[in-house]
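Below is one structure, written out as structure tokens, with a few remarks after it.
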Amino acid sequence: MRRLTLLTTAASAILLAACETAGTAADLDEAVAEAPPAETAETETAPEAVADTAETEAKPAMTSAEKLSAILAAQPDDVRARYDARNPAETLTFFGIEPGMTVAEALPGRGWYTKILLPYIGPEGEVVGAQYPSEIWPMFGMDEENTQARVEAANNWTTTVSEWGIDGAAPVSSYEMTRASGDMAASLDAVLFIRALHNLNRFNPDTGWFDETLAETYTLLKPGGVVGVVQHRSPEANADDWADGSSGYVKETLIVEAFETAGFVLEAKSETNANPKDVPTEEDFVWRLPPSLGNTEEGTPDRAAFEAIGESDRMTLLFRKPV
């Protein structure tokens, strides 16, 4: 009889505790009816959860090379069609560009390289547009409407980039090559001049903009920061006045001398973007070649000859600001 009383008391205590948790007897009945047996829940769900967790923890982070490869593979067909000539993977790797860096790109324009850099650099870094000085545009002989359009495009570049809507993109800012704000000093990890130096050199005798740009670049780079140059390359035997940039070509010796005079050290050269088929004479200009194919009509022998050459021969140089 005493044993029966103890069992009854224990059962009542358990029921009372359950009722305090569930609220009412009806709530308790409903909760018990919906809940699966404890053993079944453990045996059916726990192994899967453990396996998923283990897989997540074991999955290695994507390397920089893998991230760049994935971004390049995702670019539109018209962009990927030029990889053989522009070699973006090899070029950015040679320059040591990594996610999380603060990288300035000279003359970002319509964004061929920018749209690769934005997701590659990512939210932890920054992409900075280095624009021409606004006074340069009238010097190209364009009418006032086109000149103004160029100036406005440069001024509105950050807005244009935001409208592209690229997932995981780096934040952006912009400055003029010859007049950056003082608070940008020693803020950049890298500056890229990709086919962007010929016009600065062309107008340098009258303006000093090439020299000023290199001096500003030196100031903006962190100690140990790098400059990557890809530039249409003139044969060294061609006349200096032809190879001043007005035909698109500049001599490699001129570029090296200018950067070393500005305080940079030439760290490495690469033939990644070389094209031995392009040997321009002093009658040629770079825009005769793809993608411009200027002054030739489709289906003509001249057009076919230029298409067979391909895009221009380009130097690829890596400079560093000393520590």
Side-chain angles (χ1 to χ4, degrees), residues 59-76 79-80 83 86-132 154-177 179-196 213-214 216-230 264 267-268 270 272 316-323:
K59 187 176 181 180
M62 185 179 289
T63 66
S64 297
E66 289 169 341
K67 182 177 183 181
L68 180 57
S69 179
I71 289 166
L72 291 173
Q75 296 301 302
V79 173
R80 289 188 286 110
Y83 286 174
R86 293 195 166 183
N87 307 293
E90 296 84 351
T91 300
L92 293 176
T93 300
F94 177 70
F95 293 151
I97 306 303
E98 295 279 349
M101 282 184 167
T102 300
V103 179
E105 180 193 1
L107 302 183
R110 296 178 182 177
W112 195 93
Y113 252 106
T114 315
K115 291 175 182 177
I116 295 169
L117 287 170
L118 287 170
Y120 180 57
I121 296 300
E124 301 303 316
E126 184 178 1
V127 174
V128 186
Q131 311 290 348
Y132 271 152
N155 291 340
N156 297 328
W157 181 76
T158 56
T159 301
T160 299
V161 171
S162 67
E163 292 171 350
W164 292 340
I166 297 175
D167 291 338
V172 296
S173 59
S174 185
Y175 72 97
E176 287 193 5
M177 295 177 186
R179 52 173 80 96
S181 62
D183 60 359
M184 288 184 63
S187 65
L188 304 179
D189 295 299
V191 180
L192 304 181
F193 290 98
I194 300 179
R195 304 179 308 281
T213 293
L214 299 194
E216 275 295 284
T217 300
Y218 191 92
T219 299
L220 298 182
L221 276 171
K222 299 173 183 177
V226 299
V227 178
V229 173
V230 178
F264 294 95
E267 185 158 290
S270 171
T272 292
T316 303
L317 308 175
L318 178 65
F319 296 94
R320 189 174 297 277
K321 176 179 177 176
V323 177

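For the numbers below, each heavy atom of this structure counts, side chains included, while hydrogens, waters and symmetry mates do not. All residue numbers refer to positions in the sequence shown, counting from 1. A quick note: this is a predicted structure, and the numbers were derived from the prediction, not measured.
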#### Entry: By salt bridge (Lys or Arg N to Asp or Glu O under 4.0 Å) - contacts of E90 (at least two apart)
none
### Query
Looking only at atom types and distance, does a side-chain atom of D189 sit under 3.5 Å from a main-chain N or O of G225, one as donor and one as acceptor?
no
### Query
With no hydrogens and no angle check, is any side-chain donor or acceptor of S69 less than 3.5 Å from a backbone partner on A65?
no
### Query
Y120 side chain to L92 main-chain N or O, any donor-acceptor pair under 3.5 Å?
no
#### Entry: Any residue meeting side chain to side chain contact (heavy atoms under 4.5 Å, CB included) with V128, in chain and number order, not counting sequence neighbours
T102, A104, E126, S173, Y175, M184, L188
### Query
Taking the side chain from K67 and the backbone from M62, do they hold a donor-acceptor pair closer than 3.5 Å?
no
### Message
Counting only heavy atoms from other residues, nucleotides and ligands, does the tally under 6.0 Å from CD of E267 exceed 12?
### Response
yes
### Query
Shortest non-hydrogen contact from F95 to V226?
O-CG2, 3.7 Å
### Message
Quick check with a 6.0 Å cut-off and a 45 degree axis cone: is K321 positioned over the face of F264's six-membered ring?
### Response
no
### Least distance between heavy atoms, M177 atom then A130 atom
CE-O, 3.4 Å
### Task
Return each pair, listed once, that meets salt bridge (charged side-chain N to carboxylate O under 4.0 Å, His left out) where at least one residue sits in residues 167-177; pairs must be two or more places apart or across chains.
E176-R179
### Query
If you take all heavy atoms of A154 and S174, which pair is closest and at what distance?
O-OG, 4.4 Å
#### Entry: Nearest non-hydrogen partners of P123 and G168, listed with the distance
CD-O, 3.5 Å
## Note on the structure
Closest non-hydrogen contact found for L68 with A89 is CD2-CA, 3.9 Å
### Shortest non-hydrogen contact between M101 and V103, atoms and distance
CB-CG2, 3.7 Å
